[in-house]
Amino acid sequence: MKGDRVEIVVDAGDTTRTYEVVASRAGRRVETAVRRGVVEVSEVTRGGSVVRTARFMAARVLALVEQPVPRAEAAERPLREDPHT
């Protein structure tokens, strides 16, 4: 979904660097995969075509934070009342 994003924090020697991959258009999503010691974060279309990919050595990745956009149906659902109060 447009607005989905993944933040990648990487050890760059004496400091850390933060990168972001964002689903830039409607219908696109961001997927992550760890293969053979490499972390791949890709922006993918509805049809499954990869638009762009960021690759990082898995040993250097400190954090991988997925931040999905809140969906409309989740915002419309009423909160349940706590039965213990």
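If you're wondering where the values come from, they're calculated on a predicted model, not measured in any experiment. Heavy atoms only: backbone and side chains are in, while hydrogens, waters and symmetry mates are out.
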Say whether V30 and V10 are linked into one hydrophobic cluster, either directly or through other cluster members, by side-chain heavy-atom distances under 4.5 angstrom.
->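 Same cluster: V30 reaches V10 through Ile, Leu, Val, Met, Phe, Trp or Tyr contacts under 4.5 Å.
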Check side-chain hydrogen bond (donor to acceptor under 3.5 Å, both in side chains) between R52 and all other residues, then give those that pass, not counting sequence neighbours.
->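 side-chain hydrogen bond (donor to acceptor under 3.5 Å, both in side chains) check on R52 returns E43.
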Just jot down the side-chain hydrogen bond (donor to acceptor under 3.5 Å, both in side chains) partners of E66, sequence neighbours excluded, or say none.
->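 Checked E66 against side-chain hydrogen bond (donor to acceptor under 3.5 Å, both in side chains); matches are T32.
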Residues forming a salt bridge (Lys or Arg N to Asp or Glu O under 4.0 Å) with R60, sequence neighbours excluded =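 For R60, the residues satisfying salt bridge (Lys or Arg N to Asp or Glu O under 4.0 Å) (neighbours in sequence not counted) are D11.
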Return the set of residues passing salt bridge (Lys or Arg N to Asp or Glu O under 4.0 Å) with E31 (not counting sequence neighbours), or none when no residue passes.
->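 With neighbours one apart ignored, the set is R29.
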Distance from R46 atom CZ to R28 atom CZ, nearest 0.5 Å?
->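 R46 atom CZ to R28 atom CZ measures 10.5 Å (nearest 0.5 Å).
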Is any side-chain heavy atom of [X] closer than 4.5 Å to a side-chain heavy atom of [Y]?
X: V34; Y: L64; value: no
X: V51; Y: V44; value: no
X: I8; Y: V61; value: yes

Under the side chain to side chain contact (heavy atoms under 4.5 Å, CB included) rule, what do V6 and Q67 come out as? Steps first, then yes or no, please.
-> CA-CA 6 Å; V6 175; Q67 298 179 345; over 6 Å; no
Which pairs pass ring-ring contact (aromatic ring centres under 6.0 Å, His included) with one or both residues in residues 34-66, sequence neighbours excluded?
->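 Those involving residues 34-66 are Y19-F56.
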Residues sharing V9's hydrophobic cluster, by side-chain heavy-atom contacts under 4.5 Å among ILVMFWY, directly or via others?
->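 Its cluster mates, by chain and number, are L62.
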Go through the structure and list residues passing side-chain contact (heavy atoms from CB on, under 4.5 Å) with A58, not counting sequence neighbours.
->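 Per chain and number, A58 pairs via side-chain contact (heavy atoms from CB on, under 4.5 Å) with V39.
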What residues, two or more places apart in sequence or in another chain, satisfy side-chain contact (heavy atoms from CB on, under 4.5 Å) together with R55?
->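 Testing R55 for side-chain contact (heavy atoms from CB on, under 4.5 Å), a comparison that skips the adjacent residues, returns V38, E40, T53.
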